[in-house]
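Notes for the one structure printed next.
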Amino acid sequence: MRLSRYFLPVLKETPADAQIASHRLMLRAGMIRQQSAGIYSWLPLGYKVLKKIENIVHEEQQRVGHIPLLMPTLQSADLWRESGRYDAYGDEMLRISDRHGRDMLYGPTNEEMITDIFRAHVGSYKDLPLTLYHIQWKFRDEVRPRFGVMRGREFLMKDGYNFDLTKEDAMHAYNRHLVSYLRTYERMGLQAIPMRADSGPIGGDDTHEFLVLADTGESEVFYDKGVTDIKLGARDIDPYNVDECRSVMEEFTSLYARTDETHDAAEFAKVPEDRQMTARGIEVGQIFYFGTKYSESMGAEVVGQDGKKTPVHMGSHGIGVSRLLGALIEANHDDKGIIWPEGVTPFHVGIVNLKQGDDEADAACEALYKSFQALGLDPLYDDRKERAGGKFATMDLIGLPWRITVGPRGLKNGVVEVTSRRSGESEEMTPEQAVEKVAKIYADL
RNA sequence: CGGGCUAUAGCGCAGUCUGGUAGCGCGUCCGUCUGGGGGACGGAAGGUCGCAGGUUCAAGUCCUGCUAGCCCGACCA
């Protein structure tokens, strides 16, 4: 993309309403625009990152065998009356009625609807196990939305639901979700620590939240320093292998890690003192096992081998897709702007032409631009007639991880400059070497 | 939902107390000089002062009502 033809409304000044870094930077980088409290338009740059995150979530869900579908945002109140949650959910549920006066709601989650789909089409134990998920907009009418997309009212969430014959099978689904979530976050360059959590209004027995450590996190967390050293890395885990998934779960949850909701001071005290950590965290996902809570109330049953009907064991598992943008920025920024991890960056590389209109500089930039495109990479070429300082400031703000600076001075010696946004370090090399270097970085991801 | 506050140009703000021609900085547009970290100078565009009603010769400013948004708390992915 050529910046002169793109739509990137960056702001030099900080909007008064934005309190925390991610909100401030998303507004300044022209990623979002607030339309009303807790509701945002996603401008091109923000939309691009949102889609990248969504894609990673899709890929990692399907890698472990979960099946995508799409349920509507608007739901009938009748389904929610069956589970009893229409009354239980309270004012956070946005209730509306259609022209016939039928009670509708903008879905805050989809347990009822997925259970309805399941009971209509699945009747035999032979159809299990089954895990369905979707990525869809949700609405929760928060009393006080704040912090930009971190706590909006409208938000994009991946929610998945497993249906299993037995509790053991359902616990395997639970462990498998944990594995897929760990890989999802790691691909985005985020460390999200699973912590024992409280089940809240969805209800249930086993539940873990995934928390990204950040000063602006909404939850206070307590953990054994050792948990931050555990990484999934490149290991190849068979999602259908019960023992493999369980051992990952055990490995990641054996050390103490809890949010303030479930914090147990006595247990925490057993952690060696020099490893007792207290911090703040942003919740970016949660997995639940809740057994037959919905299958019983809504009649989601299968006929077992013994010919008897039995309610299925379920769990639900969520990733806050839009919220992840906020978490990513909270975890990756400096005073100049955002620093995108390579896995989610809106553009792979920025090309800064220091002297637009100079034949040599223009030609060198064009060549770089086309080389990257030919390799399937997505460059952002700042071809505006701006001064160098302004171009650098924009690149730093929007946080592309790699920048190639092209100017007459360097071209005289046949070199351009490759700069890492994260380290700030620059290296001079020929344009060909620069393309090779950047291409290798993305090939290795 | 309790407490506090705000609403004036795309963004950040002054002007309101004490009523009398709508302002500043940034951004935008044009021109000149510049040209490796938000440069300088000159010119220009851009406003139903959140909405409705009232007081007044006259309302951004005073009064009444409403709406929206923000902050702290409680709540929450």
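Labels below follow one simple rule: chain letters A, B, ... track the order of the sequence lines, proteins then strands, and each chain is numbered from 1.
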_Could you check whether Tyr174(A) and Tyr289(A) have their ring centres less than 6.0 Å apart?_
no
*asked:* Under 4.0 Å, heavy atoms only, any strand: does Gln19(A) hit a base, just the sugar-phosphate, or nothing?
replied: sugar-phosphate
*Mind calculating the distance between CG (Leu27(A)) and C1' (rC70(B)) to the nearest angstrom?*
13 Å
*Under the salt bridge (Lys or Arg N to Asp or Glu O under 4.0 Å) test, which residues partner Lys440(A), sequence neighbours left out?*
Asp444(A)
*Under 4.0 Å between a side-chain N/O of Lys12(A) and OP1 or OP2 of rC26(B), yes or no?*
no
*Write down the distance separating the C1' atoms in rA52(B) and rA9(B), rounded off to the nearest Å.*
23 Å
Short heteroatom pairs, N/O only, protein and nucleotides 7-11 of chain B, under 3.5 Å:
unit_1, atom_1, unit_2, atom_2, d
rC11(B), O2, Glu13(A), OE1, 3.2

*Residues forming a ring pair (Phe, Tyr, Trp, His ring centres under 6.0 Å) with Tyr256(A), sequence neighbours excluded*: His263(A), Phe268(A)
*By a strict heavy-atom criterion of less than 4.0 Å, which residues belonging to residues 381-388 of chain A are in contact with RNA chain B?*
Glu386(A), Arg387(A), Ala388(A)
*asked:* Without decimals, in angstroms, what is the distance between Asp396(A) CG and rG37(B) P?
replied: 12 Å
*How about Tyr442(A) and His348(A): are their ring centres within less than 6.0 Å of each other?*
yes
_What is the separation between atom CZ on Arg144(A) and atom P on rC5(B), rounded to the nearest whole Å?_
15 Å
*Could you pull out all residues at least two apart from Glu13(A) that satisfy side chain to side chain contact (heavy atoms under 4.5 Å, CB included)?*
none
_Let's test your reading of the model: under 3.5 Å, does the base of rC75(B) pair with the side chain of Arg140(A) as donor and acceptor?_
no
*Not counting sequence neighbours, which residues clear ring pair (Phe, Tyr, Trp, His ring centres under 6.0 Å) with Phe372(A)? List them please.*
none
_Euclidean distance, atom CG of residue Asp141(A) to atom P of rC76(B) [Å, nearest integer]_ = 15 Å
*asked:* Considering every strand and a 4.0 Å limit on heavy-atom distances, what is the contact class for Gly407(A): base, sugar-phosphate, or nothing?
replied: base
*asked:* Using the P atom as the point on both nucleotides, what is the distance between rG27(B) and rG42(B), in whole Å?
replied: 15 Å
*Touch check for Gly390(A), heavy atoms < 4.0 angstrom, all strands: base, sugar-phosphate only, or nothing?*
base
*Lys158(A) side-chain N/O to Ile319(A) backbone N/O, donor-acceptor pair under 3.5 Å*: no
*Could you list the residues that satisfy side chain to side chain contact (heavy atoms under 4.5 Å, CB included) with Asp78(A), not counting sequence neighbours?*
Ser76(A), Arg81(A)
_Pick the closest RNA chain B nucleotide for Leu397(A) and for Met150(A) by heavy atoms, then say which residue is nearer the 5' end._
Leu397(A)
_Under-3.5 Å donor-acceptor pair between Gln34(A) side chain and rG69(B) base_ = no
*Length of the line joining Asp17(A):CG and rU6(B):P, which is rounded to integer Å*: 14 Å
*For rG42(B), which nucleotide is its Watson-Crick or G-U wobble mate, given both distances must be under 3.5 Å?*
rC30(B)
*asked:* Nearest heavy atom decides the nucleotide; on that basis, is Glu92(A) or His23(A) closer to the 5' end of RNA chain B?
replied: His23(A)
*Mind checking what makes side-chain hydrogen bond (donor to acceptor under 3.5 Å, both in side chains) contact with Glu220(A), not counting sequence neighbours?*
none
*With a 4.0 Å heavy-atom cut-off, tell me which residues in residues 49-68 of chain A come close to RNA chain B, sorted by residue number.*
none
*Output yes when at least one side-chain N/O atom of Arg409(A) is less than 4.0 Å from OP1 or OP2 of rG36(B), else no.*
yes
*Check every strand shown and say whether Gly152(A) touches a base, only sugar-phosphate, or nothing at a heavy-atom separation below 4.0 Å.*
base
*Rounded to the nearest Å, what distance is computed from the CZ atom of residue Arg146(A) to the C1' atom of nucleotide rC1(B)?*
13 Å
*Atom pair distance, as rounded to whole Å: CD1 in Ile20(A) and P in rC70(B)*: 13 Å
*Please, which pairs that meet side-chain hydrogen bond (donor to acceptor under 3.5 Å, both in side chains) have at least one residue in residues 323-334 of chain A, sequence neighbours excluded?*
Ser22(A)-Glu330(A), Thr216(A)-Glu330(A), Glu218(A)-Arg323(A), Asn332(A)-Arg422(A), Asp334(A)-Arg421(A)
*Applying ring pair (Phe, Tyr, Trp, His ring centres under 6.0 Å), which residue pairs with at least one partner in residues 2-30 of chain A are found, sequence neighbours left out?*
Tyr6(A)-Phe347(A)
*Which part of the nucleic acid does Gly285(A) contact within heavy-atom distance under 4.0 Å: base, sugar-phosphate only, or nothing?*
nothing
*To the nearest Å, how far apart are Phe147(A) CZ and rG69(B) C1'?*
16 Å
*Looking only at non-hydrogen atoms, find the nearest pair between Met71(A) and Tyr161(A) and report the distance.*
CE-CE1, 4.2 Å
*Among all residues two or more places apart in sequence or in another chain, which pass the ring pair (Phe, Tyr, Trp, His ring centres under 6.0 Å) test with Tyr106(A)?*
Phe139(A)
